[in-house]
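To start, the structure under review is shown below, and the notes come after it.
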Amino acid sequence: MAEIASETLPNVTSDFTTVKALSEHGLTSIPSSFVSNNNLEDLPVIDPPQGTLPIIDFSLLTSRNPQERSKTIQDLGKACEEWNFFMLINHGIPESLMNVMMEGITEFFNLPDEEKKEFLKENLYDPIRWGSSFNSVREEVHCWRDFLKVFVHPEFHFPDKPAGLRDAAFEYIKHIREITRELLRGVSESLDLEPNYISNAVNLESSLQVFVANLYPPCPQPELAMGLFPHTDYSLMTLILENGISGLDILQDGKWIKVKAPPNALMVITANQLEIVTNGKYKSSVHRAALYSKAKRISLTTGNGPSLDTVVRPAPELVDESHPPGYKTITYREFFEIHQRKGFDKQSALDYIRIQN
Ligand SMILES: O=C(O)CCC(=O)C(=O)O
Ligand SMILES: [Fe+2]
């Protein structure tokens with residue numbers, strides 16, 4: 001964010017400015033440090049007709065009717081294998097709770113920077129971090145995004161302002177954990193594994209659950225910058241809720257597919273640890289976040305992972321002579337650290353542990 005004289009912008013510290021502040025500053029062009037140089041950005045963008053992207057009805061996944069359930073499990077497996085993505089409806093999170101979360105997070109980002117400064121932290125394991133881009137100090141090109149990143153499980157943390165947000169977040173992430181457990185049951189069954197196979201293998205009881213609120217303020221040149229550059233997520237599955245403004249693009253067969261989720265649906269992304277456990281059958285989604293010139297987008301994402309001490313490995317049932325193990329085994333903690341340090345130079349920390357067969 002070098003080109004703008006620091007004294008003209010509201011600064012938290014001498015070398016930190018939020019994208020929100022930049023956006024509110026009324027720039028007509030973006031600083032060159034935000035111009036995306038990722039070659040995946042040049043791929044064609046498709047706005048698919050309604051009904052193209054898979055939708056999973058959570059109430060059918062938990063249905064007592066065995067036929068409904070088994071059909072939904074089949075659809076779930078197909079969505080994970082072919083799209084690395086699906087939209088989840090009827091997931092049971094009360095609409096009022098989703099609204100309180102969205103309003104509370106909006107208010108958090110609107111707090112004076114002085115009040116958020118205590119969360120301006122650099123350490124990976126600081127449980128509450130507020131900041132800009134991905135690693136605004138170390139990276140060369142910045143994402144047009146501010147974030148709040150919180151470790152919410154196995155130990156619950158959350159900012160205690162604005163009032164009421166912490167309690168709502170506790171309820172919200174509990175719902176997300178229960179939904180994730182049920183989705184993992186379905187995913188296990190779709191692979192002919194016993195229902196609790198994946199949850200047990202990754203010690204989901206002490207799962208590392210990381211909540212990230214992304215704020216993508218209006219951008220004067222949305223076609224040049226990115227809210228988040230193309231990447232994969234490090235957990236098992238990421239569940240995303242947005243503020244009614246779409247902006248998630250998923251990469252499919254060399255094209256960016258724009259996601260338009262039904263109101264209140266969760267968008268679900270299959271991530272690195274699921275790819276490892278399934279020995280590459282369900283790959284990690286490559287995705288990015290697009291921007292608008294006028295609209296402000298907020299997404300609430302929760303990455304649901306193994307416990308930090310779990311050594312994640314391909315399920316032996318999915319390994320045979322024609323499917324040898326595709327990934328070296330390391331702890332989730334080691335993986336998490338690689339992911340956090342690599343930035344966007346590689347799409348995935350998986351590149352460090354993939355075995356070339
Ligand atoms: O904002 C979105 O829809 C995507 C967010 C995302 O990819 C992430 O937080 O990892
Ligand atoms: Fe992501």
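Atoms within a ligand are numbered from 1 in the order they appear, just like the ligands themselves. Keep in mind that the numbers below use all heavy atoms, side chains included, and drop hydrogens, waters and symmetry copies.
- Remark: minimum distance from atom 9 (O) of ligand 1 to any protein heavy atom is reached at Asn214 ND2, 3.1 Å.
- Taking the Fe ion (ligand 2) as the corner point, the angle from Asp233 atom OD1 to His231 atom NE2 is about 90° (rounded to 10 degrees).
- A donor and an acceptor atom, one from each side chain of Ser190 and Tyr282, are located under 3.5 Å apart.
- Taking a 6.0 Å sphere around CD of Gln50, one finds it holds 12 or fewer heavy atoms contributed by other residues, nucleotides or ligands.
- Residue-level proximity to ligand 1 for His231 is carried by the side chain, the only part with a heavy atom below 4.0 angstrom.
- Considering both main-chain and side-chain atoms, Asp233 comes within under 3.5 Å of ligand 1 through a nitrogen or oxygen pair.
- Side chains of Glu337 and Tyr125: a donor-acceptor N/O pair is present below 3.5 angstrom, by distance only.
- For the residue pair Thr106 / Glu103, no side-chain donor-acceptor distance below 3.5 Å is found, with atom types taken as modelled.
- For ligand 1 and Leu248, the ligand atoms under 4.0 Å from any heavy atom of the residue are 3 (O), 4 (C).
- Counting only non-hydrogen atoms, the option in Lys149, Arg297, Glu242 that gets closest to atom 3 (O) of ligand 1 is Arg297.
- Tyr327 and Glu275 form a side-chain donor-acceptor contact under 3.5 Å, judged by distance and modelled atom types alone.
- Proximity of Arg288 to ligand 1, defined as any heavy-atom pair under 4.0 Å, is not found for any part of the residue.
- If you check the side chains of Ser63 and Asn65, you find no donor sitting under 3.5 Å from an acceptor.
- Under 4.0 angstrom from ligand 1, the non-hydrogen atoms of Thr301 all belong to its side chain.
- Ligand 1 places these atoms under 4.0 Å from at least one heavy atom of Tyr216: 1 (O), 2 (C), 4 (C), 5 (C).
- With 3.5 Å as the limit, one finds no donor-acceptor pair spanning the side chains of Asn304 and Ser235.
- Here the heavy atom of the protein found nearest to atom 6 (C) of ligand 1 is Leu228 CD1, 3.4 Å.
- Within the listing of ligand 1, atoms 1 (O), 2 (C) sit less than 4.0 angstrom from a heavy atom of Ser299.
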CA sep, side-chain torsions, deciding dist, call: Met87, Val268, side chain to side chain contact (heavy atoms under 4.5 Å, CB included): CA-CA 6 Å; Met87 297 177 282; Val268 182; over 6 Å; no
